[in-house]
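Accompanying notes for the structure given below.
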Amino acid sequence: MHIRIEDAAAHVGEEVEIQGWLYNKRSSGSIHFLQIRDGSGIMQSVLAKQDVSQDAFGLAENLTQESSVIIRGLVREDKRAPGGVELSLTDLKVVQIAAPYPITPKEHGVEFLMDHRHLWLRSRRQHAVMRVRAEVIRACAEFLDGKGFVRMDTPILTPAAVEGTTTLFETPYFDLGTAYLTQSGQLYNEANAMAFGRVYCFGPTFRAEKSKTRRHLSEFWMLEPEVAYMTLDEYMALAEEMMVAVVGRVLQRRTNELAALERDTAKLKDIQSPFPRLSYDEALERLKKSGKPVPWGDDLGADEETMLSSQFDRPLFVHHYPAKCKAFYMQPDQERHDVVLSADLLAPEGYGEIIGGGQRIDDLALLEQRLREHNLPTDVYQWYLDLRRYGSVPHSGFGLGIERTVAWICGIEHIRETIPFPRLLNRLYP
RNA sequence: UCCGCGGUAGCUCAAUGGUAGAGCGUCCGGCUGUUAACCGGAGGGUUGUAGGUUCGAAUCCUACCCGCGGAGCCA
């Protein structure tokens with residue numbers, strides 16, 4: 001019977017088959033120890049010269065790292081085996097002898113590993129990160145689905161910029177001129193929210209900025225909920241509840257992976273409501289006291305964000321930013337027109353902004369004015385303006401950067417390990 | 001775009017201006033409980049490129065190429 005290694009403990013005493021690859025091997029001459037991985041885990045199988053045919057023993061001797069094999073044997077508990085369970089091998093079928101494998105069981109530099117990303121994904125650490133990533137995505141979807149949200153994905157090819165500021169990737173589009181790769185699903189999300197009330201989209205987004213930091217990817221995945229009639233405060237409450245749920249779910253379901261990553265889970269267990277909330281003005285006050293004054297109206301840089309978030313043990317909302325720091329669609333505060341109803345969520349431990357969002361302008365005239373102020377073409381935004389002509393309501397939404405969230409939860413240094421094939425300023429391969 | 005660091009064996013790294021080395025991987029040999037196994041042996045090099053200084057350059061100088069880290073901007 002074919003089993004997955006993750007289920008092996010339930011098959012002690014049984015004869016099973018495992019389809020996988022050779023992760024590593026050790027030998028004492030007449031006894032071989034084959035570490036087999038099958039994607040679900042790694043299991044040691046033992047092969048003693050006296051117990052198997054000479055052919056099988058010889059085959060095992062010649063196996064190279066990552067050779068693909070189908071093995072059969074008896075599942076046994078043994079304290080000497082990594083994982084506590086091992087397989088006494090009775091039959092070995094070689095599917096392919098692998099060519100000399102570039103990623104050896106010793107150290108490698110990050111660039112070398114990135115060049116072999118397609119193979120690096122087979123390693124333990126990458127398995128842990130990818131499983132946490134999958135869990136984060138699943139937890140987000142389960143949370144929103146449980147609240148009656150409808151997933152409605154938005155287009156990747158778009159006719160215009162969402163926020164005129166950032167650089168966009170361009171591509172020719174038949175006879176219609178230039179298309180742009182989306183930098184946010186938000187505008188379409190607003191249309192979907194006006195149709196379905198509570199919606200979210202989840203997909204890749206693209207930023208052509210020449211950013212070279214550990215927090216940046218040219219292509220990253222964003223989860224964007226958008227809700228009709230939702231205010232700024234309600235948005236912060238929703239985002240907070242979601243983050244608590246997501247972190248809790250990862251702690252519960254991905255314990256082994258967090259352990260493999262040597263993540264300090266005490267810090268994750270601290271992620272509970274309520275999250276601290278600072279207005280932009282209060283944030284400036286704190287920065288001034290910490291000896292890092294910022295002139296009013298300037299956006300907060302990486303250093304400032306780290307300094308603020310390091311003062312708390314859980315994610316921090318910074319709200320009511322100056323209007324000029326934010327996108328054209330941000331709703332101004334009724335009492336202070338120079339600030340908008342926006343809020344960013346800064347992750348602890350210096351991982352930076354993981355959520356950006358706020359309340360959107362619902363007044364047609366004001367939105368038209370903003371488009372003009374930002375020198376944006378009004379023709380391509382007519383459909384967007386329609387949302388303010390036909391039953392406009394206050395509404396809010398936000399975008400959660402999946403990779404930054406995963407980097408934070410995993411406690412890893414660089415965002416590039418949180419996506420299977422990262423797209424960076426100087427990397428389009430593999 | 002700006003600032004900083006780097007480029008030596010397949011990989012990770014050493015090498016006062018004086019014969020380019022080690023560990024791992026590979027190949028050969030040894031070992032019946034290995035835990036990144038271990039032990040012995042072999043093979044492996046246009047020291048990023050082009051000039052220059054010098055009796056002699058991986059090392060010093062100049063230019064260039066490539067890469068990395070950080071900043072700005074953003075999720």
Side-chain angles (χ1 to χ4, degrees), chain A residues 23-35 42 44-52 57 61-62 64-66 76 78-84 86 88 98-116 119 123-124 162-163 165-168 182-186 202-224 239 298-306 325-327 344-347 351-357 398-408 413-416 418-419 424-427:
Chain A
Y23 192 74
N24 199 2
K25 77 175 177 193
R26 303 181 192 94
S27 171
S28 294
S30 303
I31 180 165
H32 294 317
F33 300 92
L34 308 179
Q35 317 288 329
I42 298 173
Q44 172 165 284
S45 65
V46 186
L47 160 86
K49 197 168 194 171
Q50 62 190 25
D51 297 340
V52 295
F57 197 78
E61 211 158 42
N62 292 322
T64 53
Q65 193 185 348
E66 285 301 322
R76 283 192 303 103
D78 193 313
K79 281 182 183 159
R80 294 169 294 186
E86 66 181 18
S88 286
Y101 194 66
I103 302 179
T104 62
K106 280 281 179 179
E107 304 156 14
H108 297 282
V110 172
E111 274 316 289
F112 176 83
L113 290 169
M114 288 301 307
D115 284 340
H116 298 85
L119 303 176
S123 70
R124 271 196 175 96
V162 172
E163 310 165 20
T165 55
T166 42
T167 322
L168 294 161
T182 185
Q183 57 190 159
S184 167
Q186 192 212 309
F202 179 56
T205 46
F206 305 87
R207 305 278 165 96
E209 284 156 345
K210 296 198 167 180
S211 272
K212 267 188 78 167
T213 77
R214 70 184 82 174
R215 298 183 304 279
H216 282 85
L217 295 169
S218 305
E219 176 183 312
F220 67 96
W221 286 63
M222 191 155 63
L223 179 91
E224 296 178 275
D298 281 15
D299 210 347
L300 303 179
D303 282 356
E304 288 82 19
E305 286 184 356
T306 302
C325 295
K326 293 293 173 183
D344 291 349
L345 185 68
L346 308 182
Y351 282 92
E353 183 183 342
I354 52 173
I355 285 178
F398 63 95
L400 169 74
I402 290 295
E403 288 79 12
R404 284 191 185 175
T405 303
V406 172
W408 162 52
E413 185 74 7
H414 202 296
I415 196 170
R416 66 191 155 204
T418 63
I419 186 167
L424 303 162
L425 182 55
N426 292 314
R427 180 170 294 282

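Since we're looking at a predicted model, the values are computed, not measured. Every chain is numbered from 1, with letters handed out A, B, ... down the list of sequences.
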Atom-to-atom span, [atom1] of [X] to [atom2] of [N] - whole angstrom:
| X | N | atom1 | atom2 | value |
| --- | --- | --- | --- | --- |
| A:Leu425 | B:U1 | CG | P | 10 Å |
| A:Arg26 | B:C24 | CZ | C1' | 14 Å |
| A:Met114 | B:C68 | CE | P | 9 Å |
| A:Met222 | B:C74 | CE | C1' | 10 Å |
| A:Ile103 | B:U26 | CD1 | C1' | 16 Å |

Between [M] and [N], how far apart are the [atom1] atoms? Round to whole Å, please.
| N | M | atom1 | result |
| --- | --- | --- | --- |
| B:G23 | B:U19 | C1' | 22 Å |
| B:A9 | B:U46 | C1' | 13 Å |
| B:U16 | B:U12 | C1' | 25 Å |

If you look at every strand shown and take non-hydrogen atoms under 4.0 Å, does [X] touch a base, only sugar-phosphate, or nothing?
| X | result |
| --- | --- |
| A:Thr205 | nothing |
| A:His116 | nothing |
| A:Arg416 | sugar-phosphate |
| A:Asp78 | base |
| A:Glu413 | nothing |
| A:Arg215 | base |
| A:Asp303 | nothing |
| A:Gln65 | nothing |
| A:Pro102 | nothing |
| A:Gly301 | sugar-phosphate |

Under the criterion of centre distance below 5.5 Å and interplanar angle below 30°, is A:Phe220 classified as stacked on the base of B:A75?
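Answer is yes, a stack.
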With both distances under 3.5 Å as the test, what is the Watson-Crick or G-U wobble partner of B:U16?
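Paired with B:U16, as far as the under-3.5 Å criterion goes, is no nucleotide at all.
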Might you point out which heavy atoms bring A:Ile31 and A:Phe57 nearest each other, and give the distance in Å?
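Looks like N-CZ, 4.0 Å.
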Heavy-atom closest contact (A:Pro102 atom, A:His108 atom, distance)
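Taking A:Pro102 first and A:His108 second, the nearest heavy atoms are O-CE1, 3.7 Å.
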Ignoring hydrogens and angles, does a donor from either the side chain of [X] or the base of [N] sit under 3.5 Å from an acceptor on the other?
| X | N | answer |
| --- | --- | --- |
| A:Arg427 | B:C68 | no |
| A:Glu111 | B:G69 | no |
| A:His216 | B:C74 | yes |

For A:Leu300 and A:His414, find the nucleotide of RNA chain B closest to each by heavy atoms; which residue's nucleotide sits nearer the 5' end?
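Going by which nucleotide is closer to the 5' end, it is A:His414.
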Select from A:Gln50 and A:Ile355 the residue whose nearest nucleotide in RNA chain B is closer to the 5' end of that strand.
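The residue whose closest nucleotide sits nearer the 5' end is A:Gln50.
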Out of curiosity, A:Thr405 OG1 to A:Ile415 CD1, how far, rounded to the nearest 0.5 Å?
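Taking OG1 in A:Thr405 and CD1 in A:Ile415, the distance rounds to 9.0 Å.
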Salt bridge flag under 4.0 Å for residues A:Asp299 and A:Lys326:
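No salt bridge links A:Asp299 with A:Lys326.
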Tell me which one of A:Arg207, A:Arg404, A:Arg416 satisfies side-chain contact (heavy atoms from CB on, under 4.5 Å) with A:His216.
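For A:His216, the side-chain contact (heavy atoms from CB on, under 4.5 Å) test succeeds with only one of A:Arg207, A:Arg404, A:Arg416, which is A:Arg404.
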